Every structure is written in C-alpha cells, then in structure tokens.
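Heads up: the structure comes next, in structure tokens.
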Amino acid sequence: MRTHMCGELRPTDAGQTVSVCGWVASRREHGQNLAFVDVRDHTGIVQCVVDGANELRSEFVVRVTGTVRARPEGTANPNLPTGDVEVGDCTVEILSQAEPPPFPVADRVDADENLRLRHRYVDLRRPAMQRNLRLRATVSSAIRRSMEAQGFVEVETPTLIASTPEGARDFVVPSRLQPGSFYALPQSPQLFKQLLMVGGIDRYYQLARCLRDEDLRADRQFEFTQLDAEMSFADQADVIGVISATVVAAIRAAGREVADEIPRMTWREAQDRFGSDKPDVRFGMELVELTDAVAGTGFRALQAPCVKGIRVPGEAGMGRARIDRLTDQAKAAGAGGLVWLKMEGETLESPILKFLSAEEKSALPKALGAEPDDLLLVVAGERPTVDRVLGQLRLELGRPPVNEGGINLLWVTDFPLFEGLDGEGRPIPAHHPFTMPHPDDLDRLDAEPLSVRSQAYDLVLNGWELGSGSVRIHRPDIQQRIFSFLGIEPEEAQSRFGFLLDAFRHGAPPHAGFAFGIDRLVALLAGEENIREVIAFPKTQSGVDPLTGAPGPVDPRQLAELGLRVLPRPT
RNA sequence: GGUCCUGUGGUGCAGCUUGGAGUGCACGCCGCCCUGUCAAGGCGGAGGUCGCGAGUUCAAAUCUCGUCAGGACCGCCA
C-alpha cells in the first residue's frame, strides 16, 4: 500500500515514484490549481503538492502517490526533516473520512484531560504521545534483553489469585463456579516469584502488571507495570548488581547519559541529609544539624531533642504570606512551628532574635553556611519529625522541574525492618513481612525491634521511588518469628501464607529480589510529570476510563450467576 | 474521607474582584477568492442552557450554598 514513510523522504529520493499513507495534518489551498497537503504518519510529516484539495479535510486518512522532487529554490522548510523535498504530481486516495478533531493534533496540547481520554485515539496521534509510547517500548525491550543476557527467565504468573489482605486494597473478582468466593488481582507477583525460587527457576523476571485499588495520583494508576525479578543463591549485592546493569541499559537505550556505577546511601544518611527515604539529589539545600549549636538555649521553641535547619539561597526577600504558608505546611507535617531567619545583607533578621544569645546568633548562620540574602529555616522537635518536615520544605523550595538536572540514580540501603508501632504496640513492617532482617541486628529483635535494620533497598531516580527489593526470609523458623512479631498468630499465618511456609519446608534456596515501576521510569525519561502521558489508555483520578465508560453496571443475570446483589448506595 | 485549583460557542482563554442585554480574543468549522505555502493569506458567515441545581437580588457568567466532572495534593499506596 505504501513504499515509504512520510518522515523518511530526503533529497536522495528525488525522482522516485512513491506512495505514502497517513492523516491530513494541514491543507493550504492557493486557488483551483495548487494546494499543499501535509501528510502525517508516526515518522513525521511530508508536503504533497496537489492540483486541488477541496474535498480533503483535517485528519482524513489518505494514500498519496507521486514523485519525490527537491523543492524549488527558496521554498525549503528548515523546520521539517523532510523540508527539502516534496511529493509532486500527486494522486490522492481518500481511504477514510474524518470529523473535525475535538482538539488540535499538535505536539503540545492543552486540552481538558477528560476530552483527551475520551478521544484517546486522536490524542495518540500527537507526536508527543507517539514518542512516549515508542520510548516505553524501547525501554521495555532493553530491559528484557538485559535481564535475559544475565540469565533471567521470563515466567508468567496468574492474574486471578487468592486475596491476601495485606498492604494495599485488592481488586476483587467474584467466582462463578464458587459463588460467594472471590479471586483477587495481584498487587504484585511477590509470593509467586518466591515459589518459583523454591521451584528451582533460579533467576526469574517478568514485566508484570500489578493492580492496587488505592486512590490515583500523578504517579499512580490502578494498574501499573513493574520489572519484577527474583534470584536464588543471591544476596543484596547480587541483586543490586543485576538491577543496576538493567536500569543503566534501559536509560541508555532511551538515549540518555548515566554513569555505570550507581551511588549508594544508607536510609539513615538519607534521613539525616535529605529528610527523605527517596532523596532528590539533583540539588543541595541539605539538612544541617544544629542541636549542639543551640544546646542550652534559653529559647523554649529550640529546647528539643533535635534541632536542624536548611539554607534557602537568595530567598531573604520572601514575603510574610509565603513564610506563613510554609509554617502552616510545617505544622501540618507535625512540627511545633517554623523558625525563620533572614540574612538582610550581612545583618541577621528574625522575630526570635531577642530570645537568642550572642553566641547563638553567630553560631546558627555559621553552622548553616549562610551567605548574604539567604533565608534560613529551623525546625525543632523529635528527630524523625524534624527530618520529615525539613525534607518537605526542601522539596517545596528547591526542587527543579522534572526534565532538568539529568538522570540521578541512587540506591538507598539498610532500611529499618519496622517503620513504627501500630495502635496496639505491634511493629509495622516497612517493606513486607518476608523481608530478612540484617544479620548483625537479629539479636536485638526482641529487645529493640525498631532499631533492627532489614536487608531491604530502594532504587531512587531524581526523588522518585522507582522500586524496592529485599533479601527474603527463606527459613520457616525466622518467618514464623517475624509473623508472631507482627501479631500474626500461627493459625492466621498458616491460613494466609501457609502455602509459602509449606514451600519453605521443602527446600527453599536463599533468595532475594527487586521490582521497579516501568511507568515512572519512562515518565522521567520522557520528561513527563504524569505517568498518564506514557500509558496508552489510563484512567482519570476518579478511576474512570472516559473512552470505554469503565467501570459500569453489569447485567442482573451476570450478578445472579455470581450470587451477588448490589446494595443501594448509602445516602 | 479531606484541602485547593479549574469548568464560558467545536478547542484554548479573557470577562467574575466592584451584579446591569451572551461582550471579547486566538484557533477550529462553513462559503467565496487566491499558483509556492508550510500554524499560508484575504473577505464573509454560522455556532452559546456561561457544567448542573437551589438561594440572595428589581437584575446573576459574576455573590452564597449544594452537586457533578477534570486536575494537584493530604489520608491511603505491606
């Protein structure tokens, strides 16, 4: 049907008779006997010269046959890769007519999200969406090649699985053959990949669809795709090596530069320096320890176990309203308040000056490395709160746009095993309950559980959590001990995860794994703030697909067959 | 569950603060003209329940309340 793609014609093709197919991108008529028609396919646009184009309209699908020729002197278009040539003496076949598009098919579009999604098939024609989806395919392909080159085997795991009421909310599918019983859609293939290790697969990977029924965000959809991997007879260093190689390969396949070696940082260091477990290391403004500098202060607001601050360069002119908003934000995040100091030239200005000693007035700016016209923000309180609050303020005040600052990968290691205590004093697992504690900390499990580190690690890219992994518990005795720690009784553990514990009694190799989100990786590589831009058919924030109308009601006969009845919505 | 922003011809906006006739801009659409344009140009034209519903008022796109939709965020996401 066609001999060439629109975007590939060049002066070297001159003289050839060609056929191209695509959509009418624009039409410029110059009377009855001359018109220019730009035809677009995913490779680009080429100008076709026709006698008349009165019957053509935007987005009509056409096949154009004609002769490639250099454009006349002075009429080349340097903005177009095909701008030195045109297709002349054209015959135009209309393959399909089209209504006027609901929004312009331009590279950049500012149309309403609902409108774009309702007409996604038009939206996808836009060069930006074409680039994003093709970038995604390039990245996926590079990931597969890298994993296979490292000896990993792709294994598919089931989509209809048993619900394990742990972590995120499950999507649930009613069973017809067992009315009243339900499948769940997998939040991840976690348990299956561990079973594959017991099954001797040794190195497993999968570009796995994961589903979680939680509220949507710019970086979260109901369904998302992960590189899911697991390896036997391997430790943390092995996993980090494999995943590092694959992520670097994927980023390079996308045409971006990245170093071979990915820096590492412990969770503790990330908290101390950045107030986050996923630090954005593209900019400074690190958290500075001030506890000693104000030890013994007479100012009550700074009498706290931990005092830290950040230096906001050049923001001494910040208005009172903005500072008040930051203060509200800090309080909402748990801080008692927000202390601010301004370097008005060389002079320190602050509402709290009268409460500070002379030593403190010089020690605070010095510790923070303050320079003229800087704004200094100080928070006091319990250490985790101080870190969290300042970490948020740092992002708010300094974070660069998504497409700036290059690609900065970072491994964050030595996460705590538990992230705190629940209402009944039981530890909450920071990762998941199959995470192996750090061997050096095992003997503190009973006495100081919150100080126990785990062999869990996250991969962070420009402040986005790309993914996480861990060394898994492969011994039933340790797994039972962790379960009981989490308040999961042996009977409950048996009923929920019994199949895994059974498997571990049949010869489980030590194993470790990882999973990271493809949607987020591709979005960052595409310079997009929102993962919807790299998903062909995403859902809106309220979980609706405006194109297909999902979710919708089902036929009453379907419900009856499933033994279900829909209750009226509570009002 | 909560906070904030947005909703005005097909599209993107302005108008809203300080209520006074659906007013305006750009694109698109329809018709005519035009032989070198490329977001072509010129002339003319059509197209509106100001998301929806209440309330206040002599009078509401504009003020108030509710509601729906889209977006950002908090909660949530082991």
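What you are looking at is a predicted structure, and each value in this text was computed from that prediction instead of being measured. Here is how names work: the chains are called A, B, and so on, in the same order as the sequence lines, proteins then strands, and each is numbered from 1.
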Ring-base stacking, A:Phe103 with B:rU11 (5.5 Å, 30° cut-offs):
no
With rounding to the nearest 0.5 Å, note down the distance linking CG in A:Leu56 to SG in A:Cys48.
10.0 Å
For [N], give the paired nucleotide (Watson-Crick: N1-N3 plus N6-O4 or O6-N4; G-U: N1-O2 and O6-N3; both under 3.5 Å), or none.
{"N": "B:rG44", "value": "B:rC30"}
{"N": "B:rC63", "value": "B:rG55"}
{"N": "B:rA72", "value": "B:rU3"}
{"N": "B:rG36", "value": "none"}

When all nucleic acid strands are considered with a 4.0 Å heavy-atom cut-off, which category describes A:Ile45: base, sugar-phosphate, or nothing?
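Answer is nothing: A:Ile45 stays at 4.0 Å or more from every strand.
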Would you please confirm or rule out a distance under 4.0 Å between OP1 or OP2 of [N] and any side-chain N or O of [X]?
{"X": "A:Arg220", "N": "B:rA72", "answer": "no"}
{"X": "A:Ser542", "N": "B:rG70", "answer": "yes"}
{"X": "A:Asn33", "N": "B:rC34", "answer": "no"}
{"X": "A:Gln32", "N": "B:rU35", "answer": "no"}
{"X": "A:Ser58", "N": "B:rG28", "answer": "no"}
{"X": "A:Arg532", "N": "B:rG71", "answer": "yes"}

Among A:Glu404, A:Met285, A:Arg282, whose side-chain contact (heavy atoms from CB on, under 4.5 Å) with A:Arg399 holds?
A:Arg282
Hey, does the side-chain of [X] have a donor or acceptor N/O within less than 3.5 Å of a partner on the base of [N]?
{"X": "A:Asp215", "N": "B:rG75", "answer": "yes"}
{"X": "A:Arg27", "N": "B:rU37", "answer": "no"}
{"X": "A:Gln47", "N": "B:rU37", "answer": "yes"}
{"X": "A:Arg57", "N": "B:rG28", "answer": "no"}
{"X": "A:Glu29", "N": "B:rG41", "answer": "no"}

Using atom C1' of each nucleotide, how far apart are B:rG70 and B:rG12 to the nearest Å?
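Rounded to whole Å, the distance is 15 Å.
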Taking the side chain of [X] as heavy atoms from C-beta outward, which of [options] is closest to it?
{"X": "A:Leu34", "options": "B:rG36, B:rU11, B:rG12", "result": "B:rG36"}
{"X": "A:Glu113", "options": "B:rC38, B:rC13, B:rG70", "result": "B:rG70"}
{"X": "A:Asp110", "options": "B:rA72, B:rG36, B:rG12", "result": "B:rG12"}
{"X": "A:Arg28", "options": "B:rC77, B:rA40, B:rC29", "result": "B:rA40"}
{"X": "A:Arg69", "options": "B:rG36, B:rC73, B:rG70", "result": "B:rG36"}

Answer yes if the ring centres of A:Phe222 and A:Phe171 are under 6.0 angstrom apart, and no otherwise.
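They qualify: ring centres under 6.0 Å apart.
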In terms of side-chain heavy atoms, does A:Gln187 have a donor or acceptor partner in A:Asp170 at a distance below 3.5 Å?
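Present: a donor and an acceptor within the cut-off.
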So which one's nearest nucleotide on RNA chain B is more toward 5', A:Leu115 or A:Gln541?
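The residue closer to the strand's 5' end, by nearest nucleotide, is A:Leu115.
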Just checking, A:Arg394 and A:Phe283: is the charged tip under 6.0 Å from the six-membered ring centre and within 45° of the axis?
yes
Using modelled atom types and a 3.5 Å cut-off, is there a donor and acceptor pairing between side-chain atoms of A:Arg126 and backbone atoms of A:Ala106?
yes
